[in-house]
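Counting from 1, the numbers follow the sequence of the chain as shown.
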Amino acid sequence: VQLQASGGGSVQAGGSLRLSCAASRNIFRGTAMGWYRQAPGKERQLVARITGGGLTNYADSVKGRFTISRDNAKNTVYLQMNSLQPEDTAVYYCKSEFALGYWGQGTLVTVSS
């Protein structure tokens with residue numbers, strides 16, 4: 001499996017979830033990884049990105065609430081999401097920037113008020 005995302009679910013506002021994305025080693029090692037999300041009727045947008053060296057950047061809407069990290073030994077990237085709000089409801093996708101890019105299958109996050 002190239003990229004397999006997991007960890008989505010339904011939570012109430014203020015809750016937390018942690019998403020995981022396990023990657024094949026060849027598209028993970030030394031490669032920037034990102035989490036994107038797509039809400040119904042909207043375009044897919046970058047949520048957070050982490051370089052192979054661990055540098056991170058975030059969408060303004062999630063700064064201070066979400067944290068992206070990677071475990072290079074496990075070829076896995078994580079997205080810790082705290083203080084979730086209904087507007088965070090979306091399908092979340094992980095992406096490897098290796099070559100032309102690889103996408104995971106998406107995991108649904110639903111936040112109720």
Heavy-atom distance under 4.5 Å between the side chains of [X] and [Y], does that happen here?
X    : Y   : value
R49  : K95 : no
F28  : R70 : yes
Y92  : M81 : yes
F66  : Q80 : no
V109 : L19 : yes
N26  : Q2  : yes

Excluding sequence neighbours, so at least two apart, what forms salt bridge (Lys or Arg N to Asp or Glu O under 4.0 Å) with R65? D88
Give, for atom CG of N75 and atom OG of S24, the distance between the pair rounded to the nearest 0.5 Å. 8.0 Å
Can you tell me how far apart OG1 (T31) and CD1 (I50) are? Round to the nearest 0.5 Å. 12.5 Å
Please determine, by modelled atom types, if N82 and S16 share a side-chain donor-acceptor pair under 3.5 angstrom. yes
Please report the C-alpha distance between I27 and L3 in whole Å, then the side-chain angles of each, then the deciding distance to 0.1 Å, and finally whether the side-chain contact (heavy atoms from CB on, under 4.5 Å) criterion is met. CA-CA 9 Å; I27 65 167; L3 288 168; 3.8 Å; yes
Can you name the closest pair of heavy atoms from [X] and [Y] and give their distance?
X   : Y    : answer
A13 : S113 : CB-CA, 4.3 Å
A48 : L79  : CB-CD1, 4.1 Å
S20 : T76  : CB-CG2, 4.3 Å
A5  : T107 : CB-CG2, 4.3 Å
L84 : L17  : CD1-N, 3.8 Å

Using links of under 4.5 Å between side-chain heavy atoms of ILVMFWY residues, direct or through other members, which residues join W103 in one cluster? Y36, L46, V91, Y93, L108
Flag yes if M33 and Y78 sit in one hydrophobic cluster, no otherwise; membership is Ile, Leu, Val, Met, Phe, Trp, Tyr, and two members link when side-chain heavy atoms are under 4.5 Å apart. no
Side-chain donor-acceptor distances from residues 52-61 under 3.5 Å, at least two apart:
{"from": "Y58", "atom 1": "OH", "to": "I68", "atom 2": "N", "distance (Å)": "3.0"}
{"from": "D60", "atom 1": "OD1", "to": "K63", "atom 2": "NZ", "distance (Å)": "3.1"}
{"from": "S61", "atom 1": "OG", "to": "R37", "atom 2": "NH2", "distance (Å)": "3.4"}

With distance as the sole test, does T89 use its side chain to make a donor-acceptor pair with the main-chain N or O of V111 at under 3.5 Å? yes
